[in-house]
Structures are given as structure tokens and as C-alpha cells.
Amino acid sequence: QVQLVESGGGFVQAGDSLRLSCASSGRTWGSSTMGWFRQAPGKELILVAAINWGGGNTYYGDSVKGRFTISRDNAKNTVYLQMNSLKPEDTAVYYCAATRSHYSDSIYYIASEYAYWGQGTQVTVSS
């Protein structure tokens, strides 16, 4: 059983930075593609960033490109989302997710392709 636990969310001012962390337990997930999704109130769940197992292939949504950076430390079973220049529209619950895929170089864009999810962490950006 894989467990993903997010941390690092909080309440910040516009322009501030936050780093989200997602720690995994239960199995080694170094072979999985990892994604960060977010869901704002009344809006759909969207993929913010994703990274393949080796870290060589990443994806960023247009709204966060240039401001957010996804990375992973497989030795620590942790994936990170560095969020800079935060905007009020970044306010959402952020979820970490992992695929069942093994050693795939692909990026997966759809939530249903991710088998394991964390409980979410709230990020609130005030103007």
C-alpha cells in the first residue's frame, strides 16, 4: 500500500514562495511518474506539474510555467514543488499523485492515470 503525504502548504502574500513536499511510504516509488495537481473551489482538478521517474522529463501547466519547479529525490522518496512569485489565482488544494508505471519516460496528464494520491495541502495566496 502506497501512502503519499503532502506538506508545506500555507497562507502567503502575493509574490511569496512556498515549497511543497510529498513523502511516500509503503513501497519504493522511484520508478513512478509523479504529478502535482491542484483544485480551486468550484473548479476542476488540473495537472500543475509532473516529472518522470528519472527526473529527465518534466511538464508544467501554462499558468505556472517559469514560476514553479518540480523535482524529486528518489533516495528520500520525496517529490517537491517549488512555487515562486505566487499569485492569488494559485490558491487551491494541491495534491501529490503517483502512477503505477515503472520506469516510464512518459508524462501522464490525466488524473485517472495516477493510482496513488495524497490527502492534499491547502495553499492560499492573498493579494
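None of these values were measured; they are calculated from a predicted model.
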**Donor-acceptor pair, side chain of S104 and main chain of H102, under 3.5 angstrom** = no
**Asked** With hydrophobic residues grouped by side-chain heavy-atom distances under 4.5 Å, do Y109 and W117 end up in a single group?
**Response** yes
**Complete:** Heavy atoms of A50 and Y114 approach each other most closely as CB-OH, 3.8 Å
**Prompt:** Are M83 and R67 close enough that some pair of their side-chain heavy atoms sits under 4.5 Å apart?
**Reply:** no
**Prompt:** Between CG of N57 and OG1 of T33, what distance do you get to the nearest 0.5 Å?
**Reply:** 8.0 Å
**Asked** Under a 4.5 Å cut-off applied to non-hydrogen side-chain atoms, are D73 and Y80 in contact?
**Response** yes
**Asked** So, does S32 use its side chain to make a donor-acceptor pair with the main chain of T99 at under 3.5 Å?
**Response** yes
**Item:** For R100 against A115, the heavy-atom pair lying closest together
**Value:** CG-CB, 3.5 Å
**Fill in**
Taken to the nearest 0.5 Å, the spacing of R72 CZ from N74 CG works out to 4.5 Å
**Prompt:** Between T91 and A40, which heavy-atom pair has the shortest distance, and what is it?
**Reply:** O-CB, 3.6 Å
**Request:** Quickly, which of V48, L47, I70, N52 forms a side-chain contact (heavy atoms from CB on, under 4.5 Å) with Y59? Name it, please.
**Result:** L47
What side-chain donor-acceptor pairs closer than 3.5 Å can you find for residues 7-19, not counting sequence neighbours?
residue	atom	partner	partner atom	Å
D16	OD2	Q13	N	3.1
S17	OG	N84	OD1	2.9

**Request:** Could you tell me which non-hydrogen atom of A98 sits nearest to which non-hydrogen atom of L4, and how far apart they are?
**Result:** N-CD1, 3.8 Å
**Item:** Side chain to side chain, Y95 and E6, heavy atoms closer than 4.5 Å
**Value:** yes
**Complete:** Quick note, salt bridge (charged side-chain N to carboxylate O under 4.0 Å, His left out) partners involving residues 31-42, not counting sequence neighbours, are R38-D90
**Item:** Heavy-atom pair with the smallest gap, counting every atom of K65 and Y60
**Value:** CE-O, 3.4 Å
**Asked** Minimum heavy-atom separation for V93 to G120, with atom names?
**Response** CG1-CA, 3.9 Å
**Asked** How far apart are the C-alpha atoms of C96 and M34, what are their side-chain angles, what is the distance that settles it, and do they pass the side chain to side chain contact (heavy atoms under 4.5 Å, CB included) test?
**Response** CA-CA 7 Å; C96 171; M34 302 296 296; 3.7 Å; yes
**Prompt:** To the nearest 0.5 Å, how far apart are CD in E89 and OG in S63?
**Reply:** 8.5 Å
**Prompt:** So do the side chains of Y94 and F37 get within less than 4.5 Å of each other, counting heavy atoms only?
**Reply:** no
**Request:** Could you check if a side-chain atom of W36 sits within less than 4.5 angstrom of a side-chain atom of C22, using non-hydrogen atoms only?
**Result:** yes
**Message:** We want to know whether T124 and Q122 form a side-chain donor-acceptor pair, criterion being a heavy-atom distance below 3.5 angstrom.
**Reply:** yes
**Item:** Side-chain touch L20/T121, heavy atoms, less than 4.5 angstrom
**Value:** yes
